[in-house]
Amino acid sequence: MPAHTEETIMAAELLKTDQVLAASSRPNIATSSNIYTTGDGHLFCENLAVRYITKELARKTKYPSPYYLYSRAQITDNVLQYKQALEKHEIKHLLGYTVQANNNLELLRIIRQLGCTAVVASGNEMRLAMMAGFDPSTMVFNGNGKLQSEIEEAVKCDIMINVDSLFDLRHIIKACNKFEKKSSVLMRLHPTLHVDSHPDASDIIDTKFGMHHREFDEALNIVKMEKWVDLVGIHCHLEATIEDTELFKVTLETMLGWVDKVRDMGFDIKYLNMGEGIGLNYKRHLVVEDTQSKTKDFIGSIADEIRKKDICLVLEPGISIIGNTGVLVTEVIGVKTNENKNFMVINGSMTEVIRPSLYGAYHHIQLTEPSMCKNKGILKCDVVGPVGESTDFLAQSYELPYPHEGCGVAIRDVGAYCSTMASNYNMRQKPAEVLVEGSRWRIIRNAETFDDLLKPYLGLPSVGVYKDYIDTTEVHLGTMHPWLTWMH
């Protein structure tokens, strides 16, 4: 019998593993993660084998792979680590989830139910957050280039606005005067610090966000004369998630000094917004890390100084709340070589996870099931997608067990800045999003269809007519233009 036929039969037998048998396996490492690998080599999300979910998704939908997979339990754990540490140290706080990290509506609802507020960066994020049930009066609207229409909507909805520049302040004043309505604002100050992060984000001096000291002082004087603008807080953001708590403490001391200065000018400062919380170590899979202790240490290190100032601490975590809750589940299309290196080609790509190709980010990659090519050993390869770009890679010089075609492959820690940065390049459809809750799973965002991609185009009589064009020989520009409407 040919080898490929044997592999096909083995794959069919493996797919017969039912949910009960899969759930009987146990993690082989001591970890609090709700996404884990069992001793027999299967990847689980909570109580469900990822391969089982993939099989069920293929049975029930037209576009089963790739797909984003999220753990509700991990979201809960991440939020509670913050909330419990803040409450233990009796710190007044607003825990503001950064919506741009992941804007799935169902995930937003879960995060809101856990006691978070929302931090938004556009008018549409603002609307979506309110749809998810967030209280507008505790939301923060950030951004260095807010549109006038967005500012006006924020004023009308009583959303706190973060002042990023002098022109931003002028636009807010204009909106307040238009509606004769007071707006609560914070002002974002430039810290002159450096962060050990991505080179394009590390030099705080060159960032496009916030105001330098001189501009900040000028803004304070303007606000002091305005009856419709109520300065309720100041904001500092290090442009990166914080791995070094000492760096954060130094920045905090600087900002608390500004709190005193601004209060001395007569402003009733209620909030100190310190931006993103702790970071997510994307390489933690290589070394087991106690993230819960890390969160407690981070909060504990700043508790005393915050309490002394009797101020409400605002944090804007995104990555640390949603990053490690998500996996992109893909399948192997095949393995090839160009003599110099090997390539494992999967059906996921930079259109679903752009971080590696965009700024060299690391994502842990693993098989979701045991390989049926164990006799071939370890494969050192670039993990690449099918997109027509040489930079379409998920990892380079990566080592994995040699996979069989159709083998499941998981890209880990894609909860943040992956689905929200996904694209339709090469006319690829954005994948489905699936949520696991214990032993249950459900789709929380449908995969896009080809018809979805056609909807914005002019020149089509209706959506759903692709088959008509395929079945006719009259597919050319002349058959299309009657439906075009020219603008005069």
Side-chain angles (χ1 to χ4, degrees), residues 94 96-101 103 117-126 129 139-148 150-151 154 159-173 183-220 222-223 229 231-244 247-248 250-252 254-259 262 269 271-279 313-320 355 358-359 361 416-417 420-421:
L94 284 178
Y97 170 69
T98 300
V99 172
Q100 68 182 22
N103 59 23
T117 186
V119 177
V120 298
S122 72
N124 284 341
E125 285 188 357
M126 192 188 310
M139 287 167 53
V140 180
F141 181 24
N142 285 339
N144 69 303
K146 308 177 192 74
L147 303 179
Q148 189 65 37
E150 295 174 327
I151 293 171
I159 295 170
M160 289 186 283
I161 306 176
N162 218 343
V163 179
D164 191 82
S165 63
L166 290 176
F167 72 73
D168 198 26
L169 178 56
R170 289 196 302 270
H171 297 166
I172 294 168
I173 292 170
S183 177
S184 296
V185 304
L186 297 90
M187 294 208 309
R188 182 166 180 169
L189 176 65
H190 247 334
T192 53
L193 298 168
H194 298 270
V195 180
D196 184 14
S197 178
H198 175 253
D200 290 343
S202 62
D203 194 348
I204 302 304
I205 295 174
D206 293 334
T207 181
K208 67 178 183 178
F209 299 107
M211 295 179 281
H212 289 285
H213 294 182
R214 186 169 58 186
E215 193 176 39
F216 191 84
D217 286 334
E218 185 177 347
L220 287 172
I222 293 172
V223 171
V229 178
L231 180 60
V232 297
I234 57 176
H235 179 200
C236 164
H237 195 113
L238 291 176
E239 296 310 311
T241 54
I242 304 303
E243 297 292 342
D244 182 358
L247 174 62
F248 190 91
V250 170
T251 310
L252 178 66
T254 300
M255 293 305 296
L256 289 173
W258 276 92
V259 169
V262 176
I269 299 299
Y271 301 104
L272 174 59
N273 187 331
M274 292 298 295
E276 177 75 68
I278 62 169
L313 175 67
V314 181
L315 292 175
E316 302 180 347
I319 291 175
S320 55
R355 298 179 74 252
L358 183 63
Y359 41 75
Y417 300 101
T420 52
M421 297 176 74

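Just so you know, these numbers come straight off a predicted model, no measurement behind them. Heavy atoms only: backbone and side chains are in, while hydrogens, waters and symmetry mates are out.
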Answer whether the closest heavy-atom distance between the side chains of [X] and [Y] falls below 4.5 Å.
X	Y	value
L220	V262	yes
M421	L358	yes
L189	H213	yes
V229	I173	yes
L256	L272	yes
V119	N142	yes
V140	V120	no

Aromatic contact between H212 and F216, with the criterion being ring centroids under 6.0 Å apart: yes or no?
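Here the rings of F216 and H212 have centres that are no less than 6.0 Å from each other.
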Once you round to the nearest 0.5 Å, how far does [atom1] of [X] lie from [atom2] of [Y]?
X	Y	atom1	atom2	value
N162	R188	CG	CZ	7.0 Å
L252	M255	CG	CE	9.0 Å
E215	F167	CD	CZ	9.0 Å

For the pair [X] (side chain) and [Y] (backbone), establish whether a donor and an acceptor sit closer than 3.5 Å, ignoring hydrogens and angles.
X	Y	answer
K146	A121	no
Q100	T420	no
T98	A101	no
E218	L166	no

List the steps and the verdict of ring pair (Phe, Tyr, Trp, His ring centres under 6.0 Å) for H235 and W258.
CA-CA 10 Å; H235 179 200; W258 276 92; over 10 Å; no
Can you sort out the partners of Y417 under ring-ring contact (aromatic ring centres under 6.0 Å, His included), two or more places apart, ordered by chain and number?
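Counting only residues at least two positions away or on another chain, Y417 forms no ring-ring contact (aromatic ring centres under 6.0 Å, His included).
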With E125, which residues qualify under side-chain hydrogen bond (donor to acceptor under 3.5 Å, both in side chains), at least two apart?
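Counting only residues at least two positions away or on another chain, E125 forms no side-chain hydrogen bond (donor to acceptor under 3.5 Å, both in side chains).
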side-chain hydrogen bond (donor to acceptor under 3.5 Å, both in side chains) partners for N124, two or more places apart
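N124: side-chain hydrogen bond (donor to acceptor under 3.5 Å, both in side chains) contacts with R127.
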Pairing residues for D164 by the salt bridge (Lys or Arg N to Asp or Glu O under 4.0 Å) criterion, not counting sequence neighbours:
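So D164 forms no salt bridge (Lys or Arg N to Asp or Glu O under 4.0 Å) with any residue.
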Minimum heavy-atom separation for E276 to S320, with atom names?
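Shortest heavy-atom separation between E276 and S320 comes out as OE2-OG, 3.8 Å.
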Nearest heavy atoms of A118 and A129, plus distance in Å
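Taking every non-hydrogen atom into account, CB-CB, 3.9 Å.
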As a quick check of understanding, evaluate side chain to side chain contact (heavy atoms under 4.5 Å, CB included) for V314 and M274, giving each step before the final call.
CA-CA 6 Å; V314 181; M274 292 298 295; over 6 Å; no
Tell me, please, which residues at least two apart from V163 pass side-chain contact (heavy atoms from CB on, under 4.5 Å).
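In terms of side-chain contact (heavy atoms from CB on, under 4.5 Å), with neighbours along the sequence ignored, V163 is linked to L169, I172, V185, M187, M211.
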Name all residues meeting the side-chain contact (heavy atoms from CB on, under 4.5 Å) criterion together with A154; count only those two or more places apart in sequence or in a different chain, and write none if there are none.
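Checked A154 against side-chain contact (heavy atoms from CB on, under 4.5 Å); matches are M126, F141, I159, I161.
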Go through the steps for C236 and T251 under the test side chain to side chain contact (heavy atoms under 4.5 Å, CB included), then give the verdict.
CA-CA 8 Å; C236 164; T251 310; 3.5 Å; yes
Would L94 and Y271 count as a side chain to side chain contact (heavy atoms under 4.5 Å, CB included) here? Give the steps.
CA-CA 9 Å; L94 284 178; Y271 301 104; 3.7 Å; yes
For side chain to side chain contact (heavy atoms under 4.5 Å, CB included), just list the numbers for L231 and L186, CA-CA rounded to whole Å, side-chain angles, deciding distance to a tenth of an Å, and then say yes or no.
CA-CA 6 Å; L231 180 60; L186 297 90; 5.5 Å; no
